Number of protein chains: 2
Amino acid sequence: MSLATTGVPNLDWTDPECPVARALDLVGDRWSLLVIRDAMDGARSFTEFQRRTGIARNILSDRLRRLVAHGLLAQRAAPSGRRQEYVLTDAGHDLFAVVLTLRQWGERHAFAPGEAHSVLVDRHGAPVPEIAPTGSDGTLLDTDTTHVRKSR
Amino acid sequence: MSLATTGVPNLDWTDPECPVARALDLVGDRWSLLVIRDAMDGARSFTEFQRRTGIARNILSDRLRRLVAHGLLAQRAAPSGRRQEYVLTDAGHDLFAVVLTLRQWGERHAFAPGEAHSVLVDRHGAPVPEIAPTGSDGTLLDTDTTHVRKSR
DNA sequence: CCCGATGAGTTGCGGATTGAAACCATCATG
DNA sequence: CATGATGGTTTCAATCCGCAACTCATCGGG
């Protein structure tokens, strides 16, 4: 099937032209990105995802299946024992920038000033600096300085 | 009320500690980020959002109300005529990096190789370069090189 | 002033999705 | 063999969503 060769599922895309819309068709629901977040933070097993997210088990079951079907997670038997394991694929791993910008936006706008929240740090313990979109000339990019060019 | 002073709504957060989860509580549904995307691309009116997204009118009505209530959009009467206008607040505007990383991820992973898609360009027409998270020392950041430090 | 068009929603309704809890099968351990 | 952990599935009620129809106000002619 074409999925195997392209890596891209054949969905009824909400808006087939727009990469934002396609991305949201894959991970734009209440839980998928939280599952991805926890996978990035070391969760592997069904029970561990359930414990960390608090998601209902039937929904988690469905989300894991979808994420596997869409190539964001890979399911495999754990080396020892009879456990399942869900690990990020390259595509799933590559959502790091998305989760990070969401995190940084949340830190700026979803907490009251002075309210405590968790922080992402690098291996030396230094806080990760904020991502700022820059153009090829190094200037800051913005809603006003960019626009979408239609696909050819 | 406290909302006015903090700018942060009082929801039942899915996971109150985690900025990612809070961000998703605000914009983590199928439509909100598409509305934001279209607002960034110049949409202002109810009908225009409806036309661009294809969302059901009652749902759009609800989403616009939520986004206004959460401080991502501001509603005001249009200068001339008797129309309503929805414009991005600073917080909404600041979602640019989130929408951009989603877009770039979608371009990489939600299209078959060679499949056409729209492109984001700067004011000179040059494609916007890909965002890559870097640490304070300039090295590329990654799931493996970062971790969450719990809030104090 | 009356008519139709447009904008901005609201309402009603059937079908799809979600959430909570219970249930089940397989293994591992004592 | 009883118990617990793991990885789900089933059931059922509550909620949400999409569609279509309807309201209500304004605007632009004629």
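Labels below follow one simple rule: chain letters A, B, ... track the order of the sequence lines, proteins then strands, and each chain is numbered from 1. Source: prediction; values computed, not measured.
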> Which residues pass the salt bridge (charged side-chain N to carboxylate O under 4.0 Å, His left out) test with B:Glu17, sequence neighbours left out?
Replying inline: none
>> Measuring to OP1 and OP2 of D:dG8, would you say a side-chain N or O of A:Ser61 lies under 4.0 angstrom away?
In response: no
> Roughly how many Å is it from CD in B:Gln75 to P in C:dA8, rounded to a whole number?
Replying inline: 10 Å
> Going by the angle between their ring planes, with limits at 30° and 60°, are B:Tyr86 and B:Phe49 parallel, tilted or perpendicular?
Replying inline: perpendicular
Without placing hydrogens or testing angles, list every side-chain donor-acceptor pair under 3.5 Å for residues 31-46 of chain A, not counting sequence neighbours.
residue: A:Ser32; atom: OG; partner: A:Asp29; partner atom: OD1; Å: 2.5
residue: A:Arg37; atom: NH1; partner: B:Asp15; partner atom: OD2; Å: 3.4
residue: A:Ser45; atom: OG; partner: A:Glu48; partner atom: N; Å: 3.2

>> If the condition is salt bridge (charged side-chain N to carboxylate O under 4.0 Å, His left out), which residues does B:Asp94 pass it with, not counting sequence neighbours?
In response: A:Arg108
> Between A:Phe111 and B:Pro19, what is the shortest heavy-atom contact and its length?
Replying inline: CE1-CA, 3.7 Å
>> Please check this pair: side chain of B:Arg149 against backbone of A:Val121, looking for a donor-acceptor N/O pair closer than 3.5 Å.
In response: no
>> At a heavy-atom distance below 4.0 Å, what parts of residues 38-48 of chain A sit against DNA chain C?
In response: none
Taking N or O atoms only and anything under 3.5 Å, show me the protein contacts with nucleotides 18-22 of chain C, one pair per line.
residue: C:dT18; atom: OP1; partner: A:Arg63; partner atom: NH2; Å: 2.6
residue: C:dT18; atom: OP2; partner: A:Arg63; partner atom: NH2; Å: 3.4
residue: C:dG19; atom: OP2; partner: A:Trp31; partner atom: NE1; Å: 3.3
residue: C:dG19; atom: N7; partner: A:Asn58; partner atom: ND2; Å: 3.2
residue: C:dA20; atom: N6; partner: A:Asn58; partner atom: ND2; Å: 2.8

> Is it true that a side-chain atom of B:Ser61 and a backbone atom of B:Arg57 form a donor plus acceptor pair closer than 3.5 Å?
Replying inline: no
>> Test of understanding: with side-chain contact (heavy atoms from CB on, under 4.5 Å), list the residues that count as partners of A:Pro129, not counting sequence neighbours.
In response: none
> Using a cut-off of 4.0 Å on non-hydrogen atoms, how would the nucleic acid contact of B:Arg51 be classed: base, sugar-phosphate, or nothing?
Replying inline: nothing
> So what does B:Tyr86 touch, heavy atoms closer than 4.0 Å: a base, only the sugar-phosphate, or nothing?
Replying inline: sugar-phosphate
